[in-house]
Structures are given as C-alpha cells and as structure tokens.
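Structure, as structure tokens:
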Amino acid sequence: MGDVLAGIHATWEFDTDSVLIRFERGIRTPKLFQSLRERRIPYAALSSVTLTPGKRGTVVLRAVPRAGADPLVEAASGQLKEGCDPYRLVLPAEREVLAEYYADELRALLDPASDESADRFLVAAPEAPMNFKAYDGRASFDGERISFRWSWTGASSAKWKAGDQTFRVSELAGIVWRSPEALDGYLRLVPRAAAPVDHRTGGSLGDLHGPGGSGEADDGTPAGVPAGPPSATADQDPAAVLFGLGYGPVHESLPFAAAVLESVRRTQPAPAGSAPALVNAGRRDPADIAERIHHLGELHQAGLVTDAEYSAKKAQLLAEL
C-alpha cells in the first residue's frame, strides 16, 4: 500500500508484503513499546483485523496475529495488558473512516490460510545479546547460551547449592514466562530431558513453549541440570529466575523470553506431529484460567477495571480454554 498511519504511541507503515510498526519513545509510551522500538509484521503472520471503539474518544485498529507466528505473543501467552498489546493502534475517533479504510485494505491482503496456526515463526524476535536483573539473580542471553548468576540477597539455598547456571539453546525444549505483574512471576527454562512444567506447580504441558521431547532421568532430575525434580517450584529450580517488584519487568523479561524461544524453535525444529504435545496452541490450564478470572473479578469489584473491560477480558480468558 505504501502508506503511513500515525496513531497514539505508534505509526504503521504499510509495505507490499508487511507492515512496519514504529513505536514512539515518549514518557507516556508503554515501556514495552520503547523496548521493542519497531517490528515488521508480514501480512502472512496475521489472522484478522478489527476496528473497535476505544476509550476517551478513540478507535482501536488491531491486527490479530496468527497462532504460532510471533515469538513475543507466544511467550506472553495472553498475559499482556491491553495497553501493551503491540498489535493495537489507537487513533482519535475523527480518524475512524480512515482507520476503516486501512482495516479493509489489510483484510484483503491476509493469507488464505490465516485462520490456521503458523508452522514456524514469521515475525522476528528481539535480538541478543540481552540481560535483565531478576529478584534472585541476573539472566543473560548471548544468542546461544542463557546464564543465571545468583544474587546472595535473593536466591534460595537450593540455587546456591546448585551454583550459577548456563544452558545452551540446543539443550532446551522451551520456556515458561509468567508475567511479573502476577504475584508469582518468573522465567523458567525447560531442558529437553525435563518434564514440562506448570507455571505454578510444575505439572502441566499447557504453558510450555517450544519444540522438543520430554522425559526425565531415572532419578527424576533433568539431564545436565544439578537440581531437584522438574516439579520443583520456581524459587527452588536452578533453571528459573524469579520476578518481583522492579525485578524482571515486562519490557525486559518478555523480549528476553521471546528471543530464547525463537532460538529454541530455530535450533530444535519440532518433528511432524509432535508439536501439539509440547507447544502452547492457545489453550491454558483450566485452573489457571479460573484463578485469573477470580483475580479479574476482584479488580472489577474494587473499581480498577470497568464493566466493559471485565466482560471483554473474561470472554478472552474463557476463549483460551
């Protein structure tokens, strides 16, 4: 199309086969957008386009990504707040007609298979090297290895006993990112020899991202990891770092998780027919959904979210079952 559509916090530049999203660097711009700077989204990575009324005299143009097309979205697994969704463009209401025009143009460019899950990532991940400070240590990624260096003020005795950790991407089956905006946020690496873990207890496949096999050593310890069994909680697992107030914020830990996930996917492509068992395809643990709806209800009762926001988010969560 060759056109530019400028909105609040971002500008969309339309090309023949993709849209380049450039994020602003202002004080009011979400930190995640500032961290991402810009992203090129192939039209083949989109499943649909919507235009809805926004808040305070705005409209929202949203390009909906295909499942499995974007490592950032896959890593986030539905945990991003609406205002931090990089696929939303907020515009003044008086530009609704123009927004509708671009929405129609985008819909006409969607891939015929847009309603199907992508078999590979179509959107580039943030680039390494990357690092961030977690509550119990520091995480770094150089493109091939992920390292955890424990902090004496926050790391558990189990992690101190195991020592600082380094994982090769080729040794991993996937990652689990639980938002630092949750009470028990963390980033967990899942070794190929370890059983997939639930984001709370270490028991579910639902939140494991990435290809690869699963299994355990005879003694229940992941191969190559001097740690306890894969059911260990994140504070006891040397393959995980904890988040907390000011530690592992979304704009640092999520791009990190997406970069690791993309490298795992690229290094260990999933064999045909094995992906449904190990890759999150949009479905989550029902217990997790119930917990998040309960928390959403508490926020609604406290007046922190509106009736419309509550209804929309609840419907989104139920759709993930």
Side-chain angles (χ1 to χ4, degrees), residues 71-72 74-77 79 125-126 128-151 154-156 158-180 184-217 220-243 247-248 252-268 270 278-280:
L72 189 84
E74 290 295 296
S77 191
Q79 298 175 77
M130 312 176 74
N131 64 82
F132 69 88
K133 187 176 182 181
Y135 173 74
D136 55 358
R138 180 172 289 277
S140 60
F141 177 47
D142 64 5
E144 297 181 357
R145 298 176 180 82
I146 304 95
S147 299
F148 294 156
R149 300 290 179 259
W150 306 124
S151 165
S156 66
K159 291 182 177 180
W160 272 112
K161 183 178 180 180
D164 293 343
Q165 299 291 301
T166 298
F167 301 84
R168 289 182 176 272
V169 166
S170 59
E171 299 171 344
L172 301 179
I175 60 97
V176 181
W177 181 80
R178 176 147 171 96
S179 174
D184 56 349
Y186 59 78
L187 171 67
R188 189 196 299 263
L189 307 178
V190 183
R192 295 186 66 198
V197 293
D198 177 76
H199 65 86
R200 298 183 315 279
T201 63
S204 172
L205 286 168
D207 287 322
L208 173 62
H209 304 274
S214 64
E216 300 176 32
T221 301
V225 181
S231 60
T233 57
D235 67 320
Q236 301 295 313
D237 184 359
V241 288
L242 299 178
F243 302 149
Y247 295 97
E252 294 181 357
S253 62
L254 180 56
F256 185 105
V260 173
L261 176 58
E262 190 278 335
S263 294
V264 171
R265 222 34 104 76
R266 174 166 36 84
T267 306
Q268 305 278 340
L278 288 176
V279 180
N280 180 9

| Does the side chain of S253 come under 3.5 Å of the side chain of W177 through a donor N or O and an acceptor N or O? | yes

| query | Is a side-chain N or O of W150 found less than 3.5 angstrom from the main chain of G163, in a donor-acceptor match? | reply | yes

| Rounded distance (nearest 0.5 Å) linking atom CG of N131 with atom CZ of R149 | 12.0 Å

| request: Apply side-chain contact (heavy atoms from CB on, under 4.5 Å) to T267 and S170, showing your working. | output: CA-CA 6 Å; T267 306; S170 59; 3.9 Å; yes

| task | Take K159 and L242 through the test side-chain contact (heavy atoms from CB on, under 4.5 Å) and record every step on the way to the result. | result | CA-CA 12 Å; K159 291 182 177 180; L242 299 178; 4.3 Å; yes

| said: Tell me the closest heavy-atom pair linking T233 and R188, and the distance in Å. | reply: C-NH2, 4.1 Å

| With no hydrogens and no angle check, is any side-chain donor or acceptor of R178 less than 3.5 Å from a backbone partner on Q79? | no

| task | Write down the atom of A259, the atom of A125, and the distance for their closest heavy-atom approach. | result | CA-CB, 4.0 Å

| V241 and A134: which non-hydrogen atoms are nearest, and at how many Å? | CB-CB, 3.7 Å

| task | List the steps, then state whether side-chain contact (heavy atoms from CB on, under 4.5 Å) holds for T166 with I146. | result | CA-CA 6 Å; T166 298; I146 304 95; over 6 Å; no

| task | Could you check S263 against F141 for side-chain contact (heavy atoms from CB on, under 4.5 Å), going step by step and ending with a plain yes or no? | result | CA-CA 11 Å; S263 294; F141 177 47; 3.4 Å; yes

| note | Closest heavy-atom pair, A240 versus A234, reported as atoms and distance to 0.1 Å, is CB-O, 3.8 Å

| OG on S140 to CE on M130, rounded to 0.5 Å | 11.5 Å

| message | Measuring from atom CG of L187 to atom CD of E252, what distance do you get when rounded to the nearest 0.5 angstrom? | response | 12.5 Å

| query | With ring centroids as reference points, do F256 and F132 lie under 6.0 angstrom apart? | reply | yes

| request: Determine whether P191 and E171 make a side-chain contact, defined as any pair of heavy atoms from C-beta on separated by less than 4.5 Å. | output: no

| said: Looking at every heavy atom in both A75 and L254, which two are closest together, and how far apart are they? | reply: CB-CD1, 3.9 Å

| request: Working to the nearest 0.5 Å, report the span between OG of S179 and CZ of F243. | output: 8.0 Å

| said: Please find the pair of heavy atoms, one from A128 and one from G143, that lie closest to each other, and give the distance. | reply: CB-N, 3.5 Å

